[in-house]
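What follows is a set of notes on a single structure, which appears directly below.
Remember, predicted model here, so these are calculated numbers, not experimental data.
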Amino acid sequence: MAANNRRMSGKKGAQVGSGGKRRRGLEGKGPTPPAEMRKGHAKQRAANAKARRATGRPQARRGGGRSTSELVVGRNPVYEALREGVPASTLYVQQFIDNDERVREALQLAADRGGINLMEAPRPELDRMTNGLNHQGLVLQVPPYEYAHPEDLVAAAHDEGADPLIVALDGVTDPRNLGAVVRSVSAFGGHGVVVPERRAAGMTAGAWKTSAGTAARTPVARATNLTRALESYQKAGLTVVGLAADGEAELGDLEALDGPLVVVVGSEGKGLSRLVGETCDVRVRIPMPGDAESLNAGVAAGIVLYEAARRRS
């Protein structure tokens, strides 16, 4: 009872305190950082995209990922890769190699570009690296390509104050077709290319060569699931247009070309897959008076991109 009287009395006794933790918890954490510095904010994504475009090479973000490193083997392939600006980290040269004109030119290109390590290696080591391929004493290591995230392409377009113009490839497995599409996207003011993560061409040395250097400034994004990436674009206000020989609309009649747009191109043989075709807002055909039944991905994308650029100008 005495204890109860003490609790009810007005005397101040020793009490269990918070140790100042509550007071510190009430203290402010400073001003809210600007939108460009907040992780995940649209303005931060746009700022990051602008910085990447300024440096000329996209950086990987969530879901984009990296490819594996690649080896270019042989004197002519190595020389052509260096001449076309294919990214390279190391040039391996066989010890006691016959120093012919092609070898000298490759070494000179590597030296002029800078940033490429020159390594001398015995023939058995090069044989092991290339699994016994005829490397002719020259092996060029291409570093992993850093893919963008599909959302980065939209953020970059908004940063420019332009409607997004994106090409997505469905079932295209030839790297040269990918390189040709990248080149067309660059030529007609597009904002990038999206490829699926599996069963699709990636940014190999062959794709870089076909792009004629435009891959250095045109981002390629990789989607874990192409259908979901297209649905995400639709939610962002983009119209998804699929190219199909039996499309219900003709290219010249399509009004969506001058707005935010994703052009989906399928493989030359199979066209669009079923799920991707069903996801598209509209399927469009390119009129072909000639005898050809279909166009390869690079040509088809170039035609649509030209028409879109013409409408936007």
Side-chain angles (χ1 to χ4, degrees), residues 48-49 51-94 102-103 105-121 125-133 135-150 152-153 156 169 172-183 185-186 192-198 200-224:
N48 291 341
R52 286 193 295 274
R53 292 175 75 87
T55 58
R57 182 76 186 273
Q59 299 294 323
R61 277 210 323 120
R62 53 185 177 85
R66 305 175 72 185
S67 63
T68 57
S69 60
E70 181 186 1
L71 296 178
V72 179
V73 177
R75 298 186 182 186
N76 281 332
V78 166
Y79 168 76
E80 291 171 3
L82 290 169
R83 184 184 62 183
E84 296 295 337
V86 175
S89 56
T90 305
L91 175 60
Y92 294 93
V93 184
Q94 180 182 315
R102 218 19 136 213
V103 172
E105 290 174 339
L107 291 172
Q108 187 63 51
L109 284 172
D112 291 342
R113 280 177 52 175
I116 300 177
N117 298 317
L118 296 178
M119 300 288 291
E120 191 177 40
E125 178 64 16
L126 297 184
D127 291 341
R128 185 195 63 79
M129 288 175 56
T130 61
N131 291 322
L133 294 176
H135 51 73
Q136 299 175 309
L138 287 184
V139 178
L140 185 68
Q141 186 172 42
V142 178
Y145 180 81
E146 296 181 351
Y147 291 93
H149 187 278
D152 290 342
L153 310 186
L169 300 182
V172 175
T173 57
D174 189 341
R176 293 171 296 181
N177 272 334
L178 171 58
V181 171
V182 170
R183 188 173 183 176
V185 169
S186 177
V193 180
V194 180
V195 297
E197 186 174 319
R198 299 177 181 175
M203 282 305 297
T204 63
W208 271 93
K209 286 170 60 178
T210 309
S211 76
T214 59
R217 56 181 180 273
T218 301
V220 176
R222 189 164 62 178
T224 304

Do you know which two heavy atoms are closest between Pro143 and Ser89, and how far apart they sit? CD-N, 3.9 Å
Quick one: CD on Gln94 to CD on Glu125, what's the gap to the nearest 0.5 Å? 11.5 Å
Atom of Leu153, atom of Ala221 and distance for their closest heavy-atom approach: CD1-CB, 4.1 Å
Tell me if a side-chain donor or acceptor on Thr210 pairs with a main-chain N or O of Gly206 at a distance below 3.5 Å. yes
Spatial distance of atom CD (Glu197) from atom OG1 (Thr224) [nearest 0.5 Å]: 4.5 Å
Testing the basics here: between Ser186 and Arg217, what is the closest heavy-atom pair and its distance to 0.1 Å? OG-NE, 3.7 Å
Could you walk me through whether Glu80 and Arg83 satisfy the salt bridge (Lys or Arg N to Asp or Glu O under 4.0 Å) test, starting with their C-alpha distance in whole Å, then the side-chain angles of each, then the deciding distance to 0.1 Å, before giving a yes or no? CA-CA 5 Å; Glu80 291 171 3; Arg83 184 184 62 183; 5.0 Å; no
Using only atom types and a distance under 3.5 Å, with no angle test, would you say the side chain of Glu70 pairs donor to acceptor with the backbone of Ala205? yes
Could you report the tightest heavy-atom contact between Val78 and Ala106, atom names first, then the distance? CG1-CB, 4.4 Å
Is there side-chain contact between Glu84 and Trp208, with heavy atoms separated by less than 4.5 Å? no
Could you measure the distance from the CZ atom of Arg198 to the CZ atom of Arg222? Nearest 0.5 Å is fine. 10.5 Å
Could you check if a side-chain atom of Ile116 sits within less than 4.5 angstrom of a side-chain atom of Leu82, using non-hydrogen atoms only? yes
Would His135 and Asp127 count as a side chain to side chain contact (heavy atoms under 4.5 Å, CB included) if you check the C-alpha gap in whole Å, the side-chain angles of each, and the deciding distance to 0.1 Å? CA-CA 8 Å; His135 51 73; Asp127 291 341; 2.7 Å; yes
Hey, could you give me the CG/OH distance between Leu140 and Tyr92, rounded to the nearest 0.5 Å? 10.0 Å
Arg102 bridged to Glu105 by N-O distance under 4.0 Å: yes
Donor-acceptor pair, Tyr147 side chain versus Met203 backbone, under 3.5 Å? yes
Mind checking side chain to side chain contact (heavy atoms under 4.5 Å, CB included) for Val172 and listing every partner two or more places apart, or none if nothing turns up? Leu169, Asn177, Ala297
Assess whether side chain to side chain contact (heavy atoms under 4.5 Å, CB included) is satisfied between Thr130 and Val139, documenting all intermediate values. CA-CA 8 Å; Thr130 61; Val139 178; 3.7 Å; yes
Where do Gly192 and Val185 come nearest, in terms of heavy atoms and distance? N-CG1, 3.6 Å
Are Leu138 and Val93 side-chain neighbours, meaning at least one heavy-atom pair lies under 4.5 Å? yes
Arg75, CZ: over 12 other non-hydrogen atoms inside 6.0 angstrom: yes
Note: Ala148 and Pro219 closest approach over all heavy atoms is CB-CB, 4.3 Å
